[in-house]
Amino acid sequence: RAKDAGGGEYFEYEPSLHAMAEEKRQLEFSLRGALEKQELLLHYQPVVDAYSETIVSFEALVRWNSREHGFISPGKFIPLAEDTRLIVPIGTWIMQEACREAAANWPEDVKVNINVSPEQLLEPDFVTVVVRALSHSGLDPKRLEIEVTESIFVRDADIARKALEQCMALGCSIALDDFGTGYSSLGYLRKLSFSTIKVDRSFVQGAAQNSRESLAIIRAVVAMAESLEMTTTAEGVENEEEAEMIRKLGCDKIQGFHFGRPMPPADVIKIFTRKAADEQRKIA
Ligand code: C2E
Ligand code: MG
Ligand code: MG
Ligand code: MG
């Protein structure tokens, strides 16, 4: 049709669509082999107490260093992994690896936060995956916090909720990630006893730019969390001014480049080693 109609449009449009589909196909092909080729790795970003600034947890963030495509951000490959269900085996590996790392190399009072996609949560054996990761690593379930987004409540909400309740029965805690983005409904907060609400970086940025709406929303979330006996974590705090503002707003915990970027596991260990040495010096 477009060809006959003198279709410049056809010729400009069709190849790019084709190229996009082709790129996605190639990326998917590579992602299928990524686990086996050991191209996936975990980085960890500190979460600190807003007031004492001590590290309370590290969030595991997956990285893909592809031989064919170079470094691909999770913002790009996680959605692809979700579409293709590759997130299920990848997510199982992340659960095992992050639990192992935390149990083997971190102090016992430091938790690990692990992101879980809806596709993983809806798998009938999700809880088994968690149980196995905990028992193989020996990690105390109290040290594992599972991060989910509100999107889990959109479809098959009951299945997702039951799986998370079983994890809570094991002793794990659940954080509601990226709160305020997407399908936000306060009703979701009634459906599960989250231990933490993570306030999305967009509100932190908004508040830093003096947006009245962002400030009001953070205040409301903090007040709500308090009355629901949940804690709040502000995401994406990049400088001291933002940290100070977040403290004034009453958030309990802070995560962001200001306190540390996602880092390889060896750098996490270095932080603990340095801390232990400092303590030694204080005692001596
Ligand atoms: P998220 O779970 O909300 O993770 C926080 C993201 O914010 C991370 O991006 C982190 O690097 C970034 N970030 C932290 N502090 C700052 C800051 O101060 N400034 C800015 N500009 N960014 C900051 P990352 O690692 O690219 O991950 C993006 C998203 O990909 C995650 O968002 C999460 O939804 C998903 N993701 C990452 N790792 C995993 C995983 O292991 N499993 C699953 N299912 N999803 C994951
Ligand atoms: Mg997260
Ligand atoms: Mg988040
Ligand atoms: Mg976020």
Side-chain angles (χ1 to χ4, degrees), residues 31 34-35 39-48 50 55 57-65 71-102 111-123 126 129-130 133 144-152 160 173-182 184 194-209 221 232-243 245-246 251 253-265 267:
L31 191 56
L35 264 182
E39 293 176 344
L40 295 179
L41 59 153
L42 296 181
H43 279 190
Y44 299 91
Q45 184 181 32
V47 180
V48 306
I55 294 173
S57 180
F58 276 90
E59 177 175 3
L61 294 159
V62 66
R63 299 290 178 256
W64 180 22
N65 204 343
F71 178 83
I72 319 271
S73 79
K76 189 164 185 177
F77 77 83
I78 290 288
L80 179 65
E82 291 175 343
D83 283 353
T84 56
R85 304 192 56 77
L86 282 169
I87 193 65
V88 175
I90 290 174
T92 299
W93 175 79
I94 292 167
M95 186 62 68
Q96 290 166 345
E97 177 57 19
C99 289
R100 190 201 57 73
E101 184 64 30
K111 291 186 175 193
V112 58
N113 280 48
I114 302 179
N115 294 284
V116 167
S117 297
E119 290 75 11
Q120 288 174 264
L121 209 51
L122 295 178
E123 277 291 290
F126 175 73
V129 167
V130 174
L144 172 58
E145 185 161 82
I146 293 171
E147 297 197 4
V148 296
T149 62
E150 293 152 304
S151 63
I152 60 156
S173 54
I174 317 293
L176 188 54
D177 203 357
D178 300 337
F179 187 74
T181 63
S184 267
F194 295 102
S195 67
T196 308
I197 302 174
K198 299 188 80 169
V199 180
D200 193 69
R201 176 171 111 85
S202 54
F203 299 105
V204 174
Q205 276 184 310
Q209 287 153 16
V221 173
T232 47
T233 300
E235 298 190 278
V237 170
E238 295 190 343
N239 52 54
E240 183 50 34
E241 291 75 59
E242 288 175 5
M245 173 199 72
I246 284 302
C251 287
K253 289 167 280 179
I254 302 183
Q255 184 175 354
F257 294 171
H258 183 54
F259 292 100
R261 289 181 179 254
M263 61 186 93
D267 290 7

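Order of appearance sets the numbers: ligands from 1, and atoms from 1 within every ligand.
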Give the numbers and elements of all ligand 1 atoms closer than 4.0 Å to a heavy atom of [X].
X: Gly236; value: 15 (N), 16 (C), 17 (C), 18 (O)
X: Val237; value: 18 (O)
X: Ile94; value: 40 (C), 41 (O)
X: Glu238; value: 17 (C), 18 (O), 19 (N), 20 (C), 21 (N)

Exercise for the section: Just the protein N/O/S atoms under 2.8 Å from the Mg ion (ligand 2), please, no waters. Expected result: Glu59 OE2, Asn115 OD1, Glu147 OE1, Asp177 OD2
Locate the shortest heavy-atom distance separating [X] from [Y]; write the atom from each residue and the value.
X: Thr149; Y: Leu176; answer: C-CD1, 3.9 Å
X: Ala98; Y: Tyr44; answer: CA-OH, 3.6 Å
X: Val204; Y: Ala234; answer: CG2-CB, 4.1 Å
X: Phe58; Y: Pro46; answer: CD2-N, 3.4 Å
X: Leu41; Y: Trp93; answer: CA-CH2, 3.8 Å

Quick one: pull up [atom1] in [X] and [atom2] in [Y] and give me the separation to the nearest 0.5 Å.
X: Leu86; Y: Phe77; atom1: CG; atom2: CZ; result: 11.0 Å
X: Glu150; Y: Thr181; atom1: CD; atom2: OG1; result: 6.0 Å
X: Leu61; Y: Arg261; atom1: CG; atom2: CZ; result: 12.5 Å

With the threshold set at under 4.0 angstrom, would you say [X] reaches ligand 1 through any of its heavy atoms?
X: His43; answer: no
X: Pro262; answer: yes
X: Arg63; answer: yes
X: Glu59; answer: yes

Quick check: does [X] get an N/O under 3.5 Å from an N/O on ligand 1?
X: Leu61; result: no
X: Ile87; result: no
X: Gln255; result: no
X: His258; result: no

Exercise for the section: May I ask you to say whether Glu145 pairs ionically with Lys198, meaning some side-chain N is under 4.0 Å from a carboxylate O? Expected result: no
Problem - Residues Glu123 and Arg85 bridged, charged N to O under 4.0 Å - result: yes
Practice task
Consider only side-chain N and O atoms of Asn113 and Gln45, and report whether a donor and an acceptor are under 3.5 Å apart.
Solution key: no
Exercise for the section: Nearest heavy atom to atom 26 (O) of ligand 1 wins, so pick from Ser73, Ser117, Pro74. Expected result: Pro74
Exercise for the section: Return yes if some donor-acceptor pair links the side-chain N/O of Gln120 with the main-chain N/O of Val116 below 3.5 Å, else return no. Expected result: no
